[in-house]
Engineer: 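Mind looking over this structure? Questions follow.
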Amino acid sequence: MPPSVSSTQTTEIPLSGVSHAKEDLEKAGTEPIQFPEGGTTAWCMVIGGVLVQFCGFGYTASFGVYQANESSSAISWIGGVNAFLTAGFGLIAGTLYDRGNFYQLLIGGSLLQSFTLFMLSLTRPGQYYQIFIAQGIGLGIAQGILFVPTMAVVSHYFRQRRTLAMSLVACGTSLGSIIHPVMLNYLFNRSVGFANGVRISAAFISVLLLVACLLIRTRLEPPKNPAKYLSIGKSIIHDVPFCIMCAGLLCFFIGFYYILFYLQLDSVQHRNSETFSFYSLVLLNGASLIGRLSTGFIAPHVGIPRLMIISTAICGILILGMIGLNRIATVVVLGTIYGYFSGICMALLSPLMALLTSDISELGARMGIAMSILGTGSLLGGPISGALLTSQYKWWQPSLFSGLVALTGCSLLMMMQLVLTRRKCSTEKQEP
């Protein structure tokens with residue numbers, strides 16, 4: 001946990017002389033919002049968010065353990081549908097969050113996830129549809145209910161250190177994607193078998209979610225006039241940087257999951273050992289954890305948009321590099337570097353959306369809308385790559401497609417940065 005900061009320490013945003021005044025004022029705003037910027041309650045909130053991400057996206061990364069004998073396209077559909085539903089239900093969760101239903105979402109999503117995992121223990125080997133319903137649909141809905149509120153409520157406690165706090169919360173995903181696959185593989189193959197292994201895992205996650213529900217607390221009152229998605233959608237259309245960001249992330253996420261879904265299979269097909277290939281994903285997720293942790297320290301010096309552009313560009317180039325993957329050394333190098341920069345990308349999503357949201361009361365709605373858009377890319381990318389791969393394993397086809405579309409997304413993010421820079425220069429010229 002980050003160093004404790006006295007709970008009495010606050011960051012006060014003045015009523016004038018600040019370009020982000022609208023973001024920092026409550027509703028009609030006669031009083032400035034004070035952000036604790038730390039303290040026991042705030043850091044407990046961060047720990048609770050880490051646990052939610054650990055149990056949610058972190059568990060999703062282990063879905064390959066369940067259906068190792070399925071085709072590449074069938075495997076990718078589980079991850080794609082899960083990511084899409086997470087984003088799609090994020091739109092609904094954002095609306096309910098803005099209307100003051102945070103605790104209902106937190107408790108309801110936790111119960112649904114626990115229930116889904118216990119039902120997963122009843123599935124039978126070879127029954128792909130059962131795994132698909134449990135992990136693709138059930139967990140996707142539960143994560144969609146939990147993700148947006150958990151990330152948005154961080155903004156109640158931090159402003160100057162918001163990127164650091166959100167990056168730490170995002171680390172829960174990488175931590176879970178390291179621990180869950182190893183634990184499940186051990187339980188299934190060397191210990192208690194499939195059914196009891198899933199039950200043990202479900203009980204473990206249920207306890208962690210219970211702790212998260214006890215730690216996470218909202219601080220600010222919901223707006224008296226909740227944001228309406230139709231009006232916010234119209235405002236987003238006229239918000240050029242936000243629109244370009246959504247388009248860029250949509251393209252980027254079509255290619256983003258390719259390495260995550262296919263690195264292990266690619267390694268096996270190039271005659272590397274199955275044990276090494278399994279742990280190649282653990283290596284990738286370990287590097288992702290380091291990337292997410294470092295984001296909060298790098299972003300204040302580089303800038304959130306610039307760091308996102310750099311990271312997406314490197315990810316796109318590395319996806320193209322999958323064409324040349326063959327020996328163990330190439331798997332290690334590519335997986336480690338991609339894991340690090342993909343971790344930065346994921347950690348920057350929420351801070352970037354918060355940066356481009358001028359009114360903090362609309363943050364939940366805007367995050368929901370943006371997540372729904374990029375979730376479409378997550379849904380399309382995996383199956384398209386699986387179809388391009390074919391049963392003959394033509395690796396250059398999905399690598400080329402995913403890499404180029406990811407770099408297209410990076411180009412759009414560069415356009416977003418250009419618009420932001422011109423807008424800033426124009427504002428500075430108008431100021432006396």
Side-chain angles (χ1 to χ4, degrees), residues 44-63 78-79 81-121 132-156 166 168-173 175-177 180 198 201-219 222 226 229 346 349-350 353 363-372 374-375 378-379:
C44 282
M45 219 301 303
V46 172
I47 293 173
V50 170
L51 293 177
V52 170
Q53 299 304 314
F54 177 91
C55 298
F57 282 109
Y59 198 89
T60 299
S62 67
F63 71 86
I78 291 182
V81 169
N82 180 285
F84 175 73
L85 288 176
T86 297
F89 273 81
L91 187 64
I92 299 173
T95 304
L96 296 174
Y97 168 79
D98 288 336
R99 283 163 172 74
N101 297 300
F102 173 76
Y103 293 110
Q104 293 89 330
L105 291 168
L106 179 64
I107 296 172
S110 299
L111 290 174
L112 177 59
Q113 183 163 348
S114 296
F115 173 78
T116 301
L117 289 177
F118 277 108
M119 291 298 100
L120 186 62
S121 68
F132 180 84
I133 292 173
Q135 283 210 305
I137 298 177
L139 284 182
I141 294 173
Q143 292 167 16
I145 293 173
L146 290 169
F147 178 75
V148 171
T150 303
M151 295 301 294
V153 78
V154 175
S155 62
H156 289 195
M166 287 184 168
L168 291 174
V169 172
C171 288
T173 298
L175 191 60
S177 61
H180 289 307
V198 173
S201 176
F204 174 60
I205 284 179
S206 298
V207 171
L208 294 182
L209 288 175
L210 175 61
V211 174
C213 289
L214 295 175
L215 290 176
I216 298 177
R217 290 288 179 268
T218 184
R219 190 176 73 90
Y229 271 63
M346 294 302 292
L349 284 179
S350 296
M353 295 174 193
L363 181 57
R366 281 183 169 240
M367 285 183 66
I369 292 172
M371 289 294 294
S372 296
L374 65 89
S378 304
L379 175 65

Engineer: Do L106 and L146 touch side chain to side chain, with heavy atoms closer than 4.5 Å?
Structural biologist: yes

Engineer: Not counting sequence neighbours, which residues clear side chain to side chain donor-acceptor pair (under 3.5 Å) with Q53? List them please.
Structural biologist: none

Engineer: So which atom in F118 and which in A203 form the shortest heavy-atom distance, rounded to 0.1 Å?
Structural biologist: CZ-N, 3.8 Å

Engineer: The criterion is side chain to side chain contact (heavy atoms under 4.5 Å, CB included); which residues satisfy it with T116, sequence neighbours excluded?
Structural biologist: L112, A134, L139

Engineer: Taking the side chain as C-beta and beyond, is there a heavy-atom pair between Q135 and N82 under 4.5 Å?
Structural biologist: no

Engineer: Closest heavy-atom contact between M371 and M353?
Structural biologist: SD-CE, 3.9 Å

Engineer: Calculate, to the nearest 0.5 Å, the distance between atoms CZ and CG belonging to F204 and L209 respectively.
Structural biologist: 10.0 Å

Engineer: Would you say that Q104 contacts L96 through its side chain, given a criterion of any heavy-atom pair below 4.5 Å between the two side chains?
Structural biologist: no

Engineer: Only pairs at least two apart or in different chains count here, so list each side chain to side chain donor-acceptor pair (under 3.5 Å) that has a residue in residues 137-154.
Structural biologist: T60-Q143, T86-Q143

Engineer: Evaluate whether atom CZ of F115 has more than 12 neighbouring non-hydrogen atoms of other residues, nucleotides or ligands under 6.0 angstrom away.
Structural biologist: no

Engineer: Listed by chain and number, what are the side chain to side chain contact (heavy atoms under 4.5 Å, CB included) partners of V211, not counting sequence neighbours?
Structural biologist: L51, L215

Engineer: Quick one: CE on M346 to SG on C171, what's the gap to the nearest 0.5 Å?
Structural biologist: 12.0 Å

Engineer: Between atom CZ of F54 and atom OG1 of T173, what is the distance when rounded to the nearest 0.5 Å?
Structural biologist: 10.5 Å

Engineer: State the CD1-CG distance between I107 and N101, to the nearest 0.5 angstrom.
Structural biologist: 11.5 Å

Engineer: Using the side chain to side chain donor-acceptor pair (under 3.5 Å) criterion, which residues pair with S114? Sequence neighbours excluded.
Structural biologist: S206

Engineer: Below 30° counts as parallel, above 60° as perpendicular, anything between as tilted: where do the rings of Y59 and H180 land?
Structural biologist: perpendicular

Engineer: Indicate yes or no: at least one non-hydrogen side-chain atom of I216 is less than 4.5 angstrom from one of F102.
Structural biologist: yes

Engineer: Under the rule for ring pair (Phe, Tyr, Trp, His ring centres under 6.0 Å), what residues qualify as partners of F89, not counting sequence neighbours?
Structural biologist: none

Engineer: Rounded at 0.5 Å granularity, tell me how far CG in L208 sits from SG in C213.
Structural biologist: 11.0 Å

